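No experiment lies behind these values; they were computed from the predicted model shown. In the text below, chain A, chain B and the rest are named by the order of the sequence lines, each starting its count at 1. Basis for what follows: all heavy atoms, side chains included, without hydrogens, waters or symmetry-related copies.
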Protein chains: 2
Amino acid sequence: MSSIQRARSFWGWGFADRFPDDDARRAIGAHVGALLGCTPELRAPPSLDAVKMGPPRAAVPADIAAFATQGREERARHAYGRSYRDVARGFAGDFATAPDVVAIPRDEAELARVLAACEKEALAAVPYGGGTSVVGGVEAEISGALRGVVSIDMRAMGKVLEVDAVSRAARIQAGALGPSLEKELAAHAMTLRHYPQSFEFSTLGGWIATRAGGHFATLYTHIDDLVESVRMVTPRGLFATRRLPASGAGPSPERLVLGSEGILGVVTEAWVRVRPRPKWRSSASVTFDDFFAGARAARAVAQSGLHPSNCRLLDGLEATLNGVPLDAPPEADGVRSGVLLLGFESADHPVREPLGRALALALAEGGRCPKGPRHKEEEARGGDDTSEAWRQAFLEAPYLQSTLVSLGVIADTFETACTWDGFEALHAAVAAAVKGAMPGGRGVLTCRFSHVYPDGPAPYFTFVVPGKAGEEIERWWAIKRAASDALSAGGATITHHHAVGRTHRPWYDRERPDLFAEALRAAKRAMDPQGILNPGVLLDPDATGCS
Amino acid sequence: MSSIQRARSFWGWGFADRFPDDDARRAIGAHVGALLGCTPELRAPPSLDAVKMGPPRAAVPADIAAFATQGREERARHAYGRSYRDVARGFAGDFATAPDVVAIPRDEAELARVLAACEKEALAAVPYGGGTSVVGGVEAEISGALRGVVSIDMRAMGKVLEVDAVSRAARIQAGALGPSLEKELAAHAMTLRHYPQSFEFSTLGGWIATRAGGHFATLYTHIDDLVESVRMVTPRGLFATRRLPASGAGPSPERLVLGSEGILGVVTEAWVRVRPRPKWRSSASVTFDDFFAGARAARAVAQSGLHPSNCRLLDGLEATLNGVPLDAPPEADGVRSGVLLLGFESADHPVREPLGRALALALAEGGRCPKGPRHKEEEARGGDDTSEAWRQAFLEAPYLQSTLVSLGVIADTFETACTWDGFEALHAAVAAAVKGAMPGGRGVLTCRFSHVYPDGPAPYFTFVVPGKAGEEIERWWAIKRAASDALSAGGATITHHHAVGRTHRPWYDRERPDLFAEALRAAKRAMDPQGILNPGVLLDPDATGCS
């Protein structure tokens with residue numbers, strides 16, 4: 001549980017002690033400056049004592065006083081997620097939108113009391129897991145009759161309650177952070193093996209509410225695929241589904257909860273599908289002279305029925321920035337080279353043969369694999385993936401983003417999914433839109449596939465551009481808007497696994513069927529008749545009848 | 001398209017010419033009589049001219065007269081699905097609940113006109129695909145303000161509209177029957193490979209509305225997993241989702257349509273994921289002295305990550321009745337022996353290795369495989385699975401049920417899913433309940449797994465008991481109730497892939513969260529404000545505000 005005690009940054013990603021010192025920041029600034037053709041400036045990080053935050057707009061409701069606070073630090077720490085915009089505002093010391101109350105219920109009964117108090121006092125109720133939302137998912141805007149905001153932090157409900165080794169399932173409380181639940185599962189020789197980039201600082205409940213994407217590049221790509229049953233407390237009572245491996249009884253009730261982003265209720269626990277730690281691993285890196293040849297290779301593997309655990313394609317620039325070796329220097333635009341990372345894993349059997357077949361498919365598209373495949377056999381308890389370069393860079397990336405904010409550099413990612421037939425055109429449209437929105441055309445855009453499906457990839461884009469003091473958020477919005485417009489116009493989704501929150505609302509509203517929005521609004525009215533839950537997420541704040 | 005022109009039975013399963021002649025029926029009767037200890041009687045099949053059916057309660061609305069009829073034969077043919085109760089009533093010539101009008105819209109505009117006419121004239125609108133529902137899904141009860149029933153037959157919208165070979169997806173109209181869509185896909189060297197038992201006589205739209213289960217024993221078990229996007233016409237307009245391989249943007253809109261059983265709208269088309277026909281196949285039959293040892297073997301395979309296309313466990317009696325060879329005679333109660341049918345298939349690579357590993361897992365649980373594994377490599381276009389004994393029996397079973405009805409014998413199936421830790425207790429409880437409800441204790445009950453998951457199996461039960469003239473439906477209900485009560489009490493689902501319809505309502509109502517029912521009711525109100533669509537399915541007929 002050291003991850004809970006070690007101090008978290010109140011404005012940036014992760015642990016406070018991971019923020020680099022000035023020398024290290026200077027080195028990073030020089031590196032990024034060379035890439036962007038600008039001179040990043042070393043800005044001073046904020047102090048918690050000096051942040052701007054108004055007094056609470058509402059008092060702590062008496063009925064929840066035993067487990068709620070209006071402490072300045074707790075309010076600041078619950079003000080934001082960790083989007084670029086959040087970190088930039090946090091770094092600037094702007095905590096104007098901090099919640100008025102932070103409640104930390106210890107069980108479902110206390111959680112129900114929080115919701116009842118919010119209804120009684122006309123307060124917005126914002127579920128808070130690890131606070132890693134990158135889409136404004138934990139920052140409530142209030143309007144209408146609502147008088148203030150209660151952030152509901154689920155950290156006191158974070159245990160593994162039960163493990164069914166026969167069915168390979170575990171009952172876990174929603175507030176469990178990734179490392180904590182994995183540690184508890186390891187005692188049963190099991191693992192959930194769901195590793196979103198936010199793994200260290202995000203919770204099972206947050207993953208379920210936002211349909212988080214995880215470790216597996218194919219098949220079990222979202223937490224959705226690992227949820228056996230779910231419990232959610234709503235203002236109208238408990239929504240609890242039966243433990244079932246599958247059912248055909250009406251529309252899936254779990255699927256209404258998955259992706260509901262806290263607008264219907266607060267997820268309290270779930271039975272999730274677990275597995276033994278993998279023992280056999282086979283992997284290979286395949287390089288291409290053309291990113292799109294790499295994409296065709298990824299498609300061939302995705303359509304082969306081989307089901308790799310890793311099938312991540314990086315363009316040349318993405319590979320370079322992430323320390324993944326290419327066998328030729330990448331071109332500036334990134335798409336003249338690519339690396340396909342292939343991996344198979346199993347707790348049951350060697351995976352040399354499927355890796356061999358996937359490699360053959362990749363080589364048939366013009367790939368090269370000078371180092372050949374690697375095979376590892378490990379004790380079931382030992383070893384993990386973190387030693388690999390891409391994975392290390394993957395976990396470092398959010399820290400780097402926070403550091404770049406402190407240097408006045410704008411860096412962010414966005415992601416989508418589309419069908420294979422439309423990918424090349426979508427990539428071109430996104431690149432044109434993002435580059436067109438870069439100030440003075442300066443900046444870099446990279447692309448990788450985070451997951452692949454038989455019918456299409458999930459492309460993940462990163463952009464880095466120079467900021468200008470005081471205009472960073474405006475510049476960021478310009479790029480975000482251009483990228484989102486391009487995704488939407490290209491028929492792709494506004495998010496494959498980052499969720500909708502408040503940031504993606506305009507494009508989500510174009511994407512989902514209008515009648516689905518009406519159905520969701522009606523469902524919300526049934527469970528949250530006063531419209532207290534996470535107003536502004538997925539639906540307009542006035543989505544219910546009363547506000 | 002011969003399957004459309006060949007005459008269908010108006011009361012029983014499938015093609016009329018498949019109903020056996022009296023000699024064949026006598027032979028079947030003698031066989032079943034020996035099994036049950038009774039003497040089945042040869043009853044005379046009904047004549048369409050003589051069936052009982054009242055005059056229509058409502059006239060054909062003028063606006064849909066060009067594509068609607070009140071013809072006696074069409075009304076009779078749309079009266080029922082093909083549950084035991086349906087076939088028994090049909091055989092008895094009882095068509096009292098026939099719809100008043102049969103509409104056959106040719107496009108979405110005509111379909112919208114049907115729904116508008118139903119709203120205007122206060123008629124129930126019952127979507128009708130292939131009419132193979134075994135849960136009363138196409139037989140409307142009307143109450144409240146509704147004056148009559150329009151059956152909406154989707155047969156005129158049955159084409160494959162588009163194939164995207166790059167993304168391996170096809171746009172197919174909802175009224176397409178299995179053989180027809182497979183024939184059209186074969187011209188593109190593709191297949192959907194979704195084979196429910198009703199395959200010849202059911203439609204894509206019906207599969208989507210009822211979350212049909214198909215060919216694959218693991219991974220892609222339901223049509224849900226093959227749907228990329230969907231279009232549905234509702235009384236409030238079109239509900240159309242975007243073609244996406246995956247998305248994390250809010251709760252999945254497709255998942256609200258999947259399993260909605262015609263209460264929200266009428267599915268008109270979908271993009272579905274297709275694939276090339278398999279070229280490599282490896283299979284093996286493993287016999288066990290104990291059905292539950294076979295279940296442990298199935299569990300080991302389901303949890304291995306090998307993803308077999310076939311992993312069907314039959315108990316000894318089920319194997320015998322389906323012509324699957326056992327290496328020892330089965331005991332009367334079935335559970336002292338079992339056969340596990342393992343199969344792997346691929347269009348991309350040989351599957352000897354995974355079959356070998358699955359076989360090793362099965363042998364480790366005490367299985368025997370005297371014949372060893374079989375491996376086939378075929379041209380992509382040639383061959384299919386129908387030569388195998390179990391598959392042939394699988395497709396014959398509904399015909400046999402109709403024949404047994406004509407002999408006064410009650411035969412039916414029910415199915416569920418549960419977690420592995422609860423399977424043995426559930427099996428015991430179901431067996432005790434069903435045997436307790438059998439008249440005089442006479443009858444047989446068999447069990448197989450239709451699909452398996454890492455966290456549990458989908459057990460599928462068949463019962464055959466003697467009937468008594470005039471009391472068959474009562475006897476059937478007694479067993480159905482006992483079985484359903486046992487499933488429900490055991491924490492299992494009331495249906496893994498047969499749907500809810502009207503028959504499963506009492507147990508569905510216990511299973512789904514009450515708040516989910518409220519959400520569904522609210523969603524229905526948003527899309528079907530007058531409550532015309534399939535009243536009584538999933539929700540009470542008075543689920544909307546106005547009726």
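Comment: A/Arg168 does not engage B/Asp455 in a salt bridge, judged by the lack of any side-chain N to carboxylate O separation of less than 4.0 angstrom. No salt bridge links A/Glu345 with A/Lys279; every basic N to acidic carboxylate O contact stays at or beyond 4.0 Å. Here A/Arg236 pairs with B/Glu518 in a salt bridge; the nearest charged N to carboxylate O distance falls below 4.0 Å. Contact check on A/Glu511 versus B/Arg242 returns no salt bridge, with no Lys/Arg side-chain nitrogen under 4.0 Å from an Asp/Glu carboxylate oxygen. Between B/Asp528 and B/Arg525 no salt bridge is recorded (no basic side-chain N to carboxylate O distance below 4.0 Å). Salt bridge status for B/Arg352 with A/Glu353: absent, with no side-chain N to carboxylate O gap under 4.0 Å.
Using a 4.5 Å cut-off between heavy atoms, A/Ala458 does not touch chain B at all. For chain B, the nearby part of A/Arg299 is the side chain; its heavy atoms alone come within less than 4.5 Å. Contact of A/Ala347 with chain B is not made at all, since no heavy-atom distance falls under 4.5 Å. Contact annotation for A/Leu258: only backbone heavy atoms (N, CA, C, O) come within less than 4.5 Å of a heavy atom of chain B. Neither the backbone nor the side chain of A/Pro276 comes within contact range of chain B; no heavy atoms are under 4.5 Å apart. With a threshold of 4.5 angstrom between heavy atoms, A/Leu520 approaches chain B through side-chain atoms but not through N, CA, C or O. For A/Ser346, the part lying under 4.5 angstrom from a heavy atom of chain B is the side chain only. A/Asp421 touches chain B through backbone and side chain together, each having a heavy atom under 4.5 Å away. Looking at A/Thr234, only its side chain comes within 4.5 Å of chain B, counting heavy atoms on both sides. With a 4.5 Å cut-off on non-hydrogen atoms, B/Leu538 touches chain A through its side chain but not through its backbone. When heavy atoms are compared at a cutoff of 4.5 Å, B/Glu261 approaches chain A solely by way of its side chain, counted from C-beta outward. Heavy-atom distances place the side chain of A/Arg273, and not its backbone, under 4.5 Å from chain B. For chain B, the nearby part of A/Tyr508 is the side chain; its heavy atoms alone come within less than 4.5 Å.
With no hydrogens or angles considered, no side-chain donor-acceptor pair links A/Glu254 and A/Ser229 at under 3.5 Å.
By the side-chain contact (heavy atoms from CB on, under 4.5 Å) test, A/Arg510 pairs with A/Asp485, A/Ser488, A/Trp507, sequence neighbours left out.
Aromatic rings from B/His497 and B/His451 are positioned such that their centres are separated by under 6.0 Å.
Among A/Phe449, A/Tyr453, A/Phe414, the single residue meeting the ring pair (Phe, Tyr, Trp, His ring centres under 6.0 Å) criterion with A/His496 is A/Tyr453.
Contacts of residues 217-225 of chain B with chain A at a heavy-atom distance below 4.5 Å involve B/Leu219, B/Tyr220, B/His222, listed in sequence order.
Residues B/Tyr460 and B/His498 are in side-chain contact: their nearest non-hydrogen atoms beyond the backbone lie under 4.5 Å apart. Side chains of B/Arg243 and B/Asp164 form a contact here, defined as non-hydrogen atoms less than 4.5 Å apart. The shortest distance between side-chain heavy atoms of B/Arg512 and B/Asp514 falls below 4.5 Å.
When B/Asp348, B/Val500, B/Leu361, B/Val257 are compared by the number of non-hydrogen pairs under 4.5 Å with chain A, B/Asp348 comes out ahead.
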